[in-house]
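Owing to the predicted nature of the structure, the values given are computational and were not obtained by experimental measurement. Numbered from 1 within each chain, the chains take letters A, B, ... in sequence-line order. As a basis for the values below, the full set of heavy atoms in this structure was taken, side chains included, without hydrogen atoms, waters or symmetry mates.
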Amino acid sequence: MIRSFSALILALWATGSTAEEMRLAVTTSFDSSGLADVLLPAIKEDLDLDVQLLVVGTGQALRLGEAGDVDAVLVHSKAAEEAFVAAGHGTHRREIMYNDFVLIGPATDTAGIADAASAADALQRIETAQSLFVSRGDDSGTHKAELTVWAQAGFDASTFDSWYRSVGAGMGQALNTAAAMDAYVLSDRASWLNFANKAELALLYSGDPALFNQYAYLPVAPAKNENVRNDLAMVLEAWLTGPRAEALINGYAINGETLFVFNAQPK
Amino acid sequence: MTQMFPLTLDQVLVRRRGKAVIGPTNLVLQPDGPTIIIGPNGSGKTTLLRVMHGIERVTSGTVAWQHNDPSQHAFVFQSPIVLRRSVYENLAYPLRLIQTPKPEVAQAVDHWLERIGLADMRHSPALRLSGGERQKLAIARALIRKPQVLFLDEPCANLDGHATREIEALLQEATAAGTRLVMSTHDMGQARRLAQELVFMLGGKVHDVGDAETLFTSPANKELSAFLRGDIVT
Amino acid sequence: MLQTFFEQTGHPELVILSAQWTLDIDWLLYFTRKDRIVFVPQQSKCTASMIEILEGLKAAFWLVITFDAELWEISLRSLRVTLTALLIASAIAIPLGTYLAVQRFRFRRFVISLINALMGLPPVVVGLVVYILLSRTGPFGVLDLLFTPTAMIIAQVIIITPVIASIAHQSMRELWAEYHDLLISLNTSKRQRILTLIWDGRRNLLTAALAGFGRAIGEVGAIMIVGGNIDHVTRVLTTAIALETGKGDFALALGLGFVLIGLAILVNLAIHTLSQTEREGRW
Ligand SMILES: Nc1ncnc2c1ncn2[C@@H]1O[C@H](COP(=O)(O)OP(=O)(O)OP(=O)(O)O)[C@@H](O)[C@H]1O
Ligand SMILES: [Mg+2]
């Protein structure tokens, strides 16, 4: 019996692959946009490169880069990214594209943010109404963007009462939580459009430039350790800033809505 | 083969939970047997056998063999222990432990299966056997390595007359084949039939030891004669 | 009323075939072929969650009968990782549990308590520790094992070894109590005692191993951290479920969950059948 069991396990392991591989840490919001499913096959086709995505929050993505456990990161939190490069963890920062954040809330819009003048104004209305608000609370780029807008509105989110729910979870989980509680939540547009469990939630406010969400690509410094594939990271960067990526990114749409704007500058 | 006997127990004391279970007591067993141990319940027969076999620690005193070879001992327990294996594998087990070549194992096991009448059940689980069959199996398993000494703790308790006779025949054969028996029993008839030497235990001590026929016909003291009559002894 | 209910639950395309349909059970009989026909028991307690579960069952059904390539891939990977971890963990835990049953030594009680305590170790903690050890800056970084199935196997081995060892120790202790006198009397070596107990107690040990399997196949916290849930590399059923839940696709998540349960049942049955046929042969 032990013999047949071992044979079974051996049989299960009998597979293999030959293409070059690199690891890219990306944010949950990038992954849930679905853009990766378009880009990765094209990358494989053009470069014969298997890009393995590690889908984590921006904070964890930068930690992975810091430890040299990934070869590059694609995140959206400018201040943290610049600190990452300044500390020598990354070779440089290259902007690739942006999308925008949107404010989601109950379709009944109890705080009345739909006609707000700005993102900061919308958050002020939520604070005034003390409506339930779900925060990612996971140190992700989205979380940081949310805190920035709260600051613009003149508030310190850490002082809020129980209407402000910090869930410490990814975008999808935060949206699930908001859907279950009929709460407001700040989401990136792509995650929202791809989200299947919308329940009573609706997109209530968007369009303020303060809500623009810049994605940048940061190759991990090869000095980290000998396993970091900086060569592959550079090849990928060239591709991500090239014409094929531009066409795919600008052309990517969900339900007819385009999500991303390619804005990489030629070198 | 080196002679293991005499076996000398000198001032042996076994204390368990503060209570003296055995002794202090002395006993010398000579090469001639069988030795039958009798005595009331709780008098220490089982413990004495285990001490002699070397599987029960003594608190003080010494157990000295002329020449001890643990591989030449075997023990049949008061309630037979059967392995969760087939009848065949139960018998083969002691031989396998000493790396006996396969053909020899098969030959010995087949011989004993025939001898104890379990050949038809060789492949059934030993746990399905009846009490008497289990006891025969345990004795055959103890004898399969042809030990120089075999300890048996009430091997016929709970068995009917027929099964008892079968086992006695097995034991007499073993004696004839040169295995020295040391056995406890509550069956006085069995004691008379098998014993050459008799040991009478009382209160954890060897009260009497001597030639069986002599002790049966003329008990040396009132305790032994009362016990042999079936009276209550304290 | 029901029509608006379906709209609310996000299934406006559903059509009620018969509102008169009555069933004793609190259950919707749900015909899936075209997503269009529904039998609803009168006054049934239809709730959104009920629909969700049915959607899940439906998703599982379609995934399985269409031999969905992706599902195959992650199911096979789940099996591969967990069965390998199980083999390694059993090879450690079974002799260890048996040794602890037959051998008395100074720190025995302590070791047993430690194993029992390790059973309660949160998988996330195991994952984090393995992550730190395997990280390229960690002590075993040179092996470059992080975010590979090997890392997931290591984490699972750490999680299930205490489980198997503890259950194995429990049943081996009982068997040892049964065999103790005989094995001592037969002058067996330590090794022989352990091997005898393992062989004769193998069916109980199988139960211990299956408990370990159940824990490993359903584990998500640790393998998410050390495996990274990388598509085509380290994505397994449980991490895929977590991912789909995050996307709000509860039906697919549930569907994968049902596949996972089905897989676990299949493996249990297969292993039991294997041991059964073997038992018939030997006994
Ligand atoms: N490990 C132990 N701890 C405490 N008491 C014990 C232990 N082993 C034996 N005893 C006690 O020692 C006494 C002798 O026990 P033993 O089993 O040797 O008697 P026995 O003569 O074989 O009795 P029986 O005829 O009923 O089998 C009994 O009172 C028993 O309870
Ligand atoms: Mg007794």
* Please walk me through it: do B/Arg84 and C/Glu178 pass side chain to side chain contact (heavy atoms under 4.5 Å, CB included)? -> CA-CA 10 Å; B/Arg84 298 183 190 174; C/Glu178 198 178 313; 2.9 Å; yes
* **Verdict with reasoning, B/Leu83 to C/Leu182, per side chain to side chain contact (heavy atoms under 4.5 Å, CB included)** => CA-CA 9 Å; B/Leu83 298 169; C/Leu182 180 65; 3.9 Å; yes
* To do: Assess whether side chain to side chain contact (heavy atoms under 4.5 Å, CB included) is satisfied between B/Tyr93 and C/Asp200, documenting all intermediate values.
  => CA-CA 12 Å; B/Tyr93 183 71; C/Asp200 285 6; over 6 Å; no
* **Stepwise side chain to side chain contact (heavy atoms under 4.5 Å, CB included) check, C/His180 with B/Ile81** => CA-CA 9 Å; C/His180 174 274; B/Ile81 301 174; over 6 Å; no
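In this structure, B/Glu56 CD and C/Asp181 CG are separated by 8.5 Å, a value rounded to the nearest 0.5 Å. Distance check: C/Trp199 CH2 to B/Glu89 CD gives 9.0 Å after rounding to the nearest 0.5 Å. Note that CG of C/Leu183 and CD1 of B/Ile55 are 11.0 Å apart. Values are rounded to the nearest 0.5 Å.
The 12-atom threshold is not exceeded at CD of B/Gln107, counting heavy atoms of other residues, nucleotides or ligands nearer than 6.0 Å. Within a 6.0 Å sphere centred on CZ of C/Phe258, other residues, nucleotides and ligands contribute more than 12 heavy atoms. Other residues, nucleotides and ligands contribute at most 12 non-hydrogen atoms within 6.0 Å of the CZ atom of C/Phe110. Within 6.0 Å of atom CZ in B/Arg16, more than 12 heavy atoms from other residues, nucleotides or ligands are found, so the atom counts as buried in its surroundings.
Ranked by heavy-atom pairs under 4.5 Å with chain B, the first of C/Thr196, C/Leu195, C/Thr188, C/Ile184 is C/Thr196. Looking only at heavy-atom pairs under 4.5 Å with chain C, the residue among B/Tyr88, B/Phe77, B/Phe75 that has the most is B/Phe77.
The shortest distance between side-chain heavy atoms of B/His73 and C/Asn187 does not fall below 4.5 Å.
Neither the backbone nor the side chain of B/Val87 comes within less than 4.5 Å of any heavy atom of chain C. For chain C, the nearby part of B/Arg50 is the side chain; its heavy atoms alone come within less than 4.5 Å.
A donor-acceptor contact closer than 3.5 angstrom links the side chains of B/His53 and C/Ser185.
With hydrogens and angles disregarded, a donor-acceptor distance shorter than 3.5 Å links the side chain of C/Gln192 to the backbone of B/Leu97.
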